Protein chains: 2
Amino acid sequence: MAGNSSTPGATVTSRALALLGAFDEHHRRLTLTELADRAGLPMPTAHRLVGELVAWGALARNTSGEYAVGWRLWDIGLLAPVQTGLREVASPYLHDLYGATLATVHLAVRDGTDVLYVDRLAGHASVPVVSSVGSRLPMHATGVGKVLLAHAPLEVQHAVLADLSRITPYTITQPGLLRRQLAKVLRDGYASTTEEMSLGACSLAVPIRRGPDVVAALGMVLPSLKDRARLVGALQVAARGIGRSLG
Amino acid sequence: MAGNSSTPGATVTSRALALLGAFDEHHRRLTLTELADRAGLPMPTAHRLVGELVAWGALARNTSGEYAVGWRLWDIGLLAPVQTGLREVASPYLHDLYGATLATVHLAVRDGTDVLYVDRLAGHASVPVVSSVGSRLPMHATGVGKVLLAHAPLEVQHAVLADLSRITPYTITQPGLLRRQLAKVLRDGYASTTEEMSLGACSLAVPIRRGPDVVAALGMVLPSLKDRARLVGALQVAARGIGRSLG
DNA sequence: CGACGCGCTTCCGTTCAGTGGAAGACTGGG
DNA sequence: CCCAGTCTTCCACTGAACGGAAGCGCGTCG
């Protein structure tokens, strides 16, 4: 992981944020040593900063001395989605879609160069699904990711195309091929993946527009892409409905 | 509000956190000037810190130049409740309780000297309910708050008792009276309020225990406290179930 | 049309908060 | 008992953070 490469010249704020960023789905509880290591800080520095974060409620220390994310961060974080209204508006459409298709349905936005899963309805299908609400995945290997990437600013596209990590044998790692696919996504109005993120899982996704801007993507995970026309149609109807409700 | 009392001696971290803390339910979008004012910082300082927070994704700047909480904070914040498992475990019990009583049902934890509402099922009853998921209320004027306060460390009790703000004419503002009520809460195993937070709304609440520790509170809002025995019973059954499921 | 007010951004010399190596405390295990 | 690992405290040096002041861009009013 990060290793302790105590970058000098980093601001205090960036260091405090690095400590918060040390937590993720797979690292929900960390010791001070792990925190210092993952944030690339010397221990005394990490110790002091973590102390401040705990005092404020951004982090919490449990009885066994480990640190975890605190409630204060949770309730402030809640303001992010509420303020766009996206989740609330999309919720009924996700349920409708699920009812009509019985597939796992996803709502995602782009944040930086990641896809961020904002909401999800899990089908009981036997398809492996790696995403969960709040998780981040690379854009080049997911349906919603390709949709959001196709509509992203050029600088973001360049950054993503420059680093296409392999996840399965079918993951697209050639910039040229992905670029052509993105063009096709713009033409067709939807994106698809075939086992690029997870073996045995395919996906379809369409953009959600608020006026002319693509603000999110709607996707589903499937065992295969047969019946694609009907499913894309259903996705587009829902996406248009959500976009309209967003005003 | 805060006013600009540029407290010298404050650490950089505490200032950055103060900027995050400037956002709440009623202030989801703020201009730089408002942020600087609410955090008590001079504008140039706020400007620099906000820039760093935006670069990291803790805040986002929308097209009209205002700032809002960013997705990055949302997804890290999600790790707080997930890591305790409280919401997931309690969810079915909340639904059962709602089904059995048709009252607005609440799940809350203590964070510092506030009650933090972690989950909620809103009844369509005509009772005014001021809480929502993620909101913070004072402990002395809510049912769940009294429960959590009664089981809180002494230092927390002292801090709360020292500052009993009046919210309605029925809010308890005398430390002695509240202290006696808290003792009764410990004896009886439940707390109640009568229009102390909001006119026309009463409440009942019970503690949720994980082993010997009180980790949360379960409450309901009602138009009156008649039938209290049955309702407290239902709450206690649910609370015990949740506690057991928490392991 | 120019002057003004307002919110935001940049500049830069001063200074004090932050730094991190080193040493000390605590804990558990062999 | 000692040692290894983790956490906490200390403190003298230093460069990052500070914030007053000045500059910018824009809409508004006289």
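Just so we're on the same page: letters track the sequence lines, and every chain starts at 1. Since the model is a prediction, treat every value here as computed from it, not as a measurement.
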* For dC18(D), does either OP1 or OP2 sit under 4.0 Å from a side-chain N or O belonging to Arg48(B)? -> yes
Kindly list each side-chain donor-acceptor pair under 3.5 angstrom involving residues 238-247 of chain B, sequence neighbours excluded, with atom names and distances?
{"from": "Ser245(B)", "atom 1": "OG", "to": "Tyr93(B)", "atom 2": "OH", "distance (Å)": "3.3"}
{"from": "Ser245(B)", "atom 1": "OG", "to": "Gly241(B)", "atom 2": "O", "distance (Å)": "2.9"}

* Does anything in residues 61-70 of chain A pair up under salt bridge (charged side-chain N to carboxylate O under 4.0 Å, His left out), and if so which pairs, sequence neighbours excluded? -> Arg29(A)-Glu66(A)
* Asked: Rounded to the Å, how far apart are Leu41(A) CG and dG21(C) P?
  -> 12 Å
* Hey, are Asp111(B) and Arg72(A) close enough for a salt bridge, meaning a charged N less than 4.0 Å from a carboxylate O? -> no
* Those residues that, when tested against Arg166(B), pass side chain to side chain contact (heavy atoms under 4.5 Å, CB included) (two or more places apart) -> Thr173(B)
* **Separation of atom CZ in Arg29(A) from atom P in dT6(D), rounded to whole Å** => 18 Å
Please tabulate, for side-chain N and O atoms in residues 148-162 of chain A, each donor-acceptor pair with protein atoms closer than 3.5 Å (sequence neighbours left out).
{"from": "Gln157(A)", "atom 1": "NE2", "to": "Leu149(A)", "atom 2": "O", "distance (Å)": "3.0"}
{"from": "Gln157(A)", "atom 1": "NE2", "to": "Ala150(A)", "atom 2": "O", "distance (Å)": "3.4"}
{"from": "Gln157(A)", "atom 1": "NE2", "to": "Ala152(A)", "atom 2": "O", "distance (Å)": "3.4"}

* Examine dG18(C): is either OP1 or OP2 under 4.0 Å from a nitrogen or oxygen in the side chain of Arg15(B)? Give yes or no. => no
* Given atom CD of Glu52(B) and atom P of dA16(D), what is their separation to the nearest angstrom? -> 12 Å
* Provide the full list of ring pair (Phe, Tyr, Trp, His ring centres under 6.0 Å) pairs with a residue in residues 50-88 of chain A, sequence neighbours left out, each pair given once. => Trp71(A)-Trp74(A)
* Structure fact -> Taken to the nearest whole Å, CG/Leu49(B) to C1'/dA17(C) is 14 Å
* Asked: What does nucleotides 7-14 of chain C look like as a protein-contact string, B for base, S for sugar-phosphate only, - for none, at under 4.0 angstrom between heavy atoms?
  -> SBBB----
